Amino acid sequence: MKPTLNWQIASITNIKPETADVKTFTLKLPAWMRHRAGQHYDIRLTAEDGYQTQRSYSIASEPEREGEVDLTVERVQDGEVSSYLHDVVIPGDRLEVRGPIGGYFIWEASITDPLLLVAGGSGVVPLMAMLRHRAAVRANNPTALLYSSRSFKDVIYYDELHQLSQANAAPQVFHTLTRSQPADWKGYARRIDEAMLREVAGPLGRSAQVFICGPTLMVESAANALVKIGINSNQIRTERFGPTGG
Ligand SMILES: Cc1cc2nc3c(=O)[nH]c(=O)nc-3n(C[C@H](O)[C@H](O)[C@H](O)COP(=O)(O)OP(=O)(O)OC[C@H]3O[C@@H](n4cnc5c(N)ncnc54)[C@H](O)[C@@H]3O)c2cc1C
């Protein structure tokens, strides 16, 4: 039987701006439980009149970090919970949370197959937990991340991804910028498509385990393209963050 996850009160110990619209919140958890890379927490807000609302946020940090987790949240325009987290919450505040949750969109370093990660926007968050986990345990399975952002200033974790890509048995990191690119940009400059996936996934071979996360339309089109280029659909796991295709 699965353990019941109770709500607990986390303390916000740090808030780090990642981009203009994205912040990472460090939550200290009195009932911390080791998570698996790819899982998420639910945050529940309660108004003074008793109105409650809750949303899911992927864990960005690696399972090896004890007692706390990082959640990286993108501000959604007029978003009830993401705007509250961005505009109201400050270090020292307390938040009601429950987790870790999820048993499907999960990668463990004991899986030695090649690993292909495909992200759109804040969909990079659970994939970052996988890369951090991979680095923490010094896994050396062939790994590539293909990460689509609107523009260079929207890329989350750019410096850390660059550092990770320089390490031993490094993951290959490919960026694509869909709306605007710096003058000297050498990465891709269009939405993720079949040709791009063929280039990135090809060297990993047909046995690659695939995780795709981001806006719904991007996730669906990337998954379909990967099946077309010969990856078995049962090797592809997807997670959809939101309703838009943006
Ligand atoms: C398993 C899971 C993990 C998630 N992990 C993360 C994470 O790590 N980081 C993160 O930033 N978000 C994550 N999300 C999305 C998050 O749960 C919320 O949906 C998001 O923050 C919007 O909530 P809100 O209350 O701010 O907006 P709402 O008040 O719910 O929505 C406001 C408006 O924005 C639209 N909208 C809602 N969500 C999105 C979206 N994601 N993109 C674009 N438009 C949207 C709605 O249709 C509505 O018009 C995750 C979702 C799931 C299901």
Side-chain angles (χ1 to χ4, degrees), residues 5 7 10 12 14-27 29 35-47 51-63 65 68-89 95-107 117-133 145 147-151 153-158 160-161 178-179 191-192 211-223 236-246:
L5 284 175
W7 292 95
I12 307 291
N14 192 46
I15 301 178
K16 178 185 176 206
E18 302 279 2
T19 72
D21 295 318
V22 177
K23 287 181 181 175
T24 292
F25 299 82
T26 302
L27 277 64
L29 296 156
H35 66 275
R36 298 159 81 196
Q39 288 187 303
H40 66 271
Y41 269 78
D42 287 341
I43 294 184
R44 179 163 75 182
L45 304 181
T46 306
Y51 165 77
Q52 289 191 323
T53 190
Q54 69 187 60
R55 300 287 184 278
S56 302
Y57 292 100
S58 301
I59 303 162
S61 43
E62 66 279 20
R65 214 167 108 193
E68 57 182 27
V69 293
D70 281 348
L71 306 180
T72 299
V73 179
E74 177 175 25
R75 179 203 292 276
V76 167
Q77 197 165 4
D78 302 323
E80 198 178 5
V81 174
S82 63
S83 299
Y84 175 84
L85 294 171
H86 272 256
D87 299 341
V88 179
V89 170
L95 275 181
E96 198 176 17
V97 303
R98 135 181 113 169
I101 299 168
Y104 163 75
F105 195 81
I106 281 169
W107 180 76
L117 308 175
V118 182
S122 55
V124 74
V125 176
L127 309 186
M128 193 64 185
M130 295 175 191
L131 289 175
R132 286 170 167 161
H133 171 48
L145 167 71
Y147 175 18
S148 173
S149 307
R150 285 180 297 248
S151 71
K153 66 176 177 42
D154 293 310
V155 179
I156 310 168
Y157 314 131
Y158 182 85
E160 188 179 344
L161 285 172
T178 56
R179 290 197 194 162
R191 287 186 170 204
I192 292 173
F211 293 83
I212 312 174
C213 186
T216 305
L217 288 183
M218 173 258 146
V219 169
E220 282 165 10
S221 85
I236 303 176
R237 289 181 176 74
T238 60
E239 184 135 277
R240 295 156 176 79
F241 269 13
T244 68

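Everything numeric here is computed off the predicted structure, so don't read it as measured data. Whatever order the structure lists ligands and atoms in, that order sets their numbers, starting from 1.
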Among Asp21, Thr19, Asp87, find the one that has a side-chain hydrogen bond (donor to acceptor under 3.5 Å, both in side chains) with Arg75.
Asp87
Ignoring angles and geometry beyond distance, decide whether Tyr57 reaches within less than 3.5 Å of ligand 1 through its nitrogen or oxygen atoms.
yes
Taking 4.0 angstrom as the limit and counting only heavy atoms of Val81, give me the atoms of ligand 1 inside it, by number and element.
24 (P), 25 (O), 26 (O)
Are Lys16 and Glu160 ion-paired here, with the side-chain N under 4.0 Å from a carboxylate O?
no
Ligand-residue contact atoms, ligand 1 with Val73, heavy atoms, under 4.0 Å
11 (O)
When you compare ligand 1 with Thr72, is there at least one nitrogen or oxygen pair between them that comes in under 3.5 angstrom?
yes
Taking only non-hydrogen atoms of Glu239 and a 4.0 Å limit, the atoms of ligand 1 in range are 1 (C)
Is the closest side-chain donor-acceptor distance between Thr72 and Tyr157 under 3.5 Å?
yes
Regarding ligand 1, does Ser83 bring an N or O atom to under 3.5 Å of one of the ligand's N or O atoms?
no
For Glu18 and Thr24, does a side-chain donor sit closer than 3.5 Å to a side-chain acceptor?
yes
Can you sort out which atoms of ligand 1 are near Glu80, meaning under 4.0 Å from one of its heavy atoms?
24 (P), 25 (O), 26 (O), 27 (O), 28 (P), 29 (O)
Residue pair Arg240 / Thr238, side-chain donor-acceptor N/O under 3.5 Å
yes
Check whether any side-chain N or O of Lys23 sits under 3.5 Å from a backbone N or O of His86 as a donor-acceptor pair, and report yes or no.
yes
Do Trp7 and Asp42 pass the side chain to side chain contact (heavy atoms under 4.5 Å, CB included) test, and can you show the C-alpha distance, the side-chain angles, and the key distance before you say yes or no?
CA-CA 9 Å; Trp7 292 95; Asp42 287 341; 3.8 Å; yes
Would you check whether Glu74 has a nitrogen or oxygen atom less than 3.5 angstrom from a nitrogen or oxygen atom of ligand 1?
yes
For Val125, take its heavy atoms, then give the atoms of ligand 1 lying under 4.0 Å from any of them.
8 (O)
